[in-house]
Amino acid sequence: MQNFEFYSPTKIFFGKATENKIADIIKNYGFKKVAIIYGGRTVIKNGLLALVEAKLIESKISFVEYGGITPNPELRFVNEGLKVCKDFEPDLLLALGGGSVIDVTKAISVAYYYDGDPFHFNLGLTNPTQALPIGAILTISAAGSELSNSCVITNPETKIKKGFNKDIVRPLFAIENPELTYTLPAYQTAAGVVDMMMHTMERYFGPSDDNQLSDAWALELCKNVIKSAKIAINQPYNYDARAQLMIASSFAHNGITGFGKSSAFVVHPLEHAVSGYAPEVTHGAGIGVCYLGWARYIYKLDLTKFAKFARVVFNVTVDDDEEASIIGINQMEEFYKSIGMPTTLNEFGLTENDLPELVALASGNGTRAIGLYPQSLSAKDIEAIYRLCL
């Protein structure tokens, strides 16, 4: 096991009706001015926004609101929300929603103390040194942004979708009530399932010791998610299944399934090019398609890892590693189909004609390779993978 540092400071308030504690939580931290940042229909329809407003008013905590954030959030949401926050001068940012809302909140938190373009952080042109504290009330089990140090934003002018990773943007606390996910459309629930699995799979598919504890946790998390997903899709009001998915989404992306090893995300950059190019593509749906293409292109370079994944997650019993690996990849495809997820780029309306621009976005016009293990991917490799995704 490699040397490592692990930091996961977010306090979780998990369970039924925990959102009712929001004012007490804020007061206990000593905050007095809150910027509420949210998406739209979900938190209005389920009454969460109204509840938070009432609790803050009752406790005499002043607040301002900024809403309307959409999936695959664009840079304009950061700039608009930043202006609202600078006018109000909050001491806490409170995100109501999922990864898109939380990521915009993270971007605002660091941009608040920066005079330049907030996208500079995502491009790696500068590093954040100060951030406003963040809290979150989760409404979807998916991105894991509520515990992660990651922040992904899209610049629609360049079609670049890119993230930065800094511990400074990890939320201070997260309220997680699985009941708030009951009314999500099945497609969103399923896309969230694929997203959380890929967060931990990206960490698993990296070099590790034979007896790597973080690998064992990664595999068991995937098994648990598959089991819970099938229940939640068919029984959307099943609390236990929703609870399993919600906590899995958080711990799939806080680093615990990757400690003691090195891992460089490779499937995520492939998908970021897809949804940067075609923003209507839901990230979780797109990343499942990209995984299938990547796995089929690369699996022979680490048969041991792919075979172990197949045997543990899908109970594949064949002895031959190559055969087990292929079965495991095909089983993943069948699982995606079983929960209503796409398995090809064609299902998004993308064709061979779109490949040159996708490859250019993923490779920085051929100037960079992505990923490290089992091999880094050049523009030629990336094109071959996208072709397998068609």
Considering only Ile, Leu, Val, Met, Phe, Trp and Tyr, and joining two whenever side-chain heavy atoms are under 4.5 Å apart, list the other residues clustered with Val152.
-> none
Hey, any chance Tyr297 and Val266 share a hydrophobic cluster, counting ILVMFWY side chains that come within less than 4.5 Å of each other, even indirectly?
-> yes
Linking I/L/V/M/F/W/Y whenever any side-chain heavy atoms sit under 4.5 Å apart, do Val34 and Leu82 land together?
-> no
With a cut-off of 3.5 Å and sequence neighbours excluded, list every side-chain donor-acceptor pair involving residues 231-239.
| from | atom 1 | to | atom 2 | distance (Å) |
| --- | --- | --- | --- | --- |
| Asn234 | ND2 | Lys230 | O | 2.8 |
| Gln235 | OE1 | Asn238 | ND2 | 3.1 |
| Asn238 | OD1 | Asp240 | N | 3.2 |
| Asn238 | OD1 | Ala241 | N | 3.0 |

Are Tyr336 and Leu184 joined in one hydrophobic group, where the rule is that I, L, V, M, F, W and Y side chains link up if heavy atoms are under 4.5 Å apart?
-> no
Taking C-beta and beyond as the side chain, do Val274 and Tyr386 meet within less than 4.5 Å on heavy atoms?
-> yes
For Asp321, which residues count as a side-chain hydrogen bond (donor to acceptor under 3.5 Å, both in side chains) partner, sequence neighbours excluded?
-> Arg311
Flag yes if more than 12 heavy atoms outside Asp319 fall under 6.0 Å of its CG atom; otherwise flag no.
-> no
Considering only distance and modelled atom types, tabulate donor-acceptor pairs under 3.5 Å from the side chains of residues 89-100, sequence neighbours left out.
| from | atom 1 | to | atom 2 | distance (Å) |
| --- | --- | --- | --- | --- |
| Asp91 | OD1 | Lys32 | N | 3.3 |
| Asp91 | OD1 | Lys33 | N | 3.0 |
| Asp91 | OD2 | Lys32 | N | 2.9 |

With a cut-off of 6.0 Å (strictly less than), are more than 12 heavy atoms of other residues, nucleotides or ligands near CG of Asp87?
-> yes
Not counting sequence neighbours, list each pair that qualifies as a ring pair (Phe, Tyr, Trp, His ring centres under 6.0 Å) and has a residue in residues 190-225.
-> His199-His253, His199-His268, Tyr204-Phe309, Phe205-Trp294, Phe205-Phe306, Phe205-Phe309, Trp217-Phe259
Is a side-chain donor or acceptor of Asn346 paired with a backbone partner of Leu350 at a separation under 3.5 angstrom?
-> yes
Show the atom names and distances, to 0.1 Å, of all donor-acceptor pairs under 3.5 Å that link a side chain in residues 123-146 to residues at least two apart or in another chain.
| from | atom 1 | to | atom 2 | distance (Å) |
| --- | --- | --- | --- | --- |
| Ser141 | OG | Met246 | N | 3.3 |
| Ser145 | OG | Asp103 | OD1 | 2.5 |
| Ser145 | OG | Lys106 | NZ | 3.0 |
| Glu146 | OE2 | Ser249 | OG | 3.3 |
| Glu146 | OE2 | Ser250 | OG | 2.6 |

Do Ile226 and Met197 have side chains that get closer than 4.5 Å, going by heavy atoms?
-> yes
Is the closest side-chain heavy-atom distance between Thr282 and Pro71 below 4.5 Å?
-> no
Side chains of Phe31 and Ile61: does their closest heavy-atom pair fall under 4.5 Å?
-> no
Would you please name every residue forming a salt bridge (Lys or Arg N to Asp or Glu O under 4.0 Å) with Glu19, sequence neighbours left out?
-> none
Would you tabulate the side-chain donor-acceptor contacts of residues 326-335 under 3.5 Å, counting partners in other chains and residues two or more places apart, or write 'none'?
| from | atom 1 | to | atom 2 | distance (Å) |
| --- | --- | --- | --- | --- |
| Asn330 | OD1 | Arg296 | NH2 | 2.9 |
| Asn330 | ND2 | Ile326 | O | 3.4 |
| Glu333 | OE1 | Arg296 | NH2 | 2.6 |

In terms of hydrophobic clusters joined by side-chain contacts under 4.5 Å, are Ile102 and Ile22 together?
-> no
Answer whether the closest heavy-atom distance between the side chains of Leu75 and Glu157 falls below 4.5 Å.
-> no
Donor-acceptor pairs under 3.5 angstrom involving side-chain atoms of residues 167-175: please list them, not counting sequence neighbours.
| from | atom 1 | to | atom 2 | distance (Å) |
| --- | --- | --- | --- | --- |
| Asp167 | OD1 | Asn149 | ND2 | 3.4 |
| Asp167 | OD1 | Arg170 | NE | 2.8 |
| Asp167 | OD1 | Arg170 | NH2 | 3.1 |
| Arg170 | NE | Tyr7 | O | 3.1 |
| Arg170 | NH1 | Leu147 | O | 2.8 |
| Arg170 | NH2 | Tyr7 | O | 3.2 |

More than 12 heavy atoms of other residues, nucleotides or ligands under 6.0 Å from CD of Glu280: is that the case?
-> yes
Taking the side chain as every heavy atom from C-beta outward, state whether Glu271 and Met198 have any pair of such atoms under 4.5 Å apart.
-> no
Can you pull the ring pair (Phe, Tyr, Trp, His ring centres under 6.0 Å) pairs that have at least one residue in residues 125-168, sequence neighbours excluded?
-> Phe121-Phe164
Under 3.5 Å, side-chain donor or acceptor atoms of residues 35-59 against the rest of the protein: list the pairs with distances, not counting sequence neighbours.
| from | atom 1 | to | atom 2 | distance (Å) |
| --- | --- | --- | --- | --- |
| Asn46 | OD1 | Leu48 | N | 2.9 |
| Asn46 | ND2 | Thr42 | O | 3.4 |
| Ser59 | OG | Lys55 | O | 3.3 |

Heavy-atom side-chain proximity of Phe348 to Asp354 below 4.5 angstrom | no
Are there more than 12 heavy atoms of other residues, nucleotides or ligands under 6.0 Å from atom NZ of Lys300?
-> no
Do you see a donor-acceptor pair shorter than 3.5 Å between the side chains of Ser214 and Lys261?
-> no
Ring pair (Phe, Tyr, Trp, His ring centres under 6.0 Å): which pairs involve residues 62-106, sequence neighbours left out?
-> none
Verify same cluster id: Leu377, Leu292 (apolar side-chain graph, 4.5 Å) | yes
Quick one: are Lys305 and Ser208 in side-chain contact, heavy atoms under 4.5 Å?
-> yes
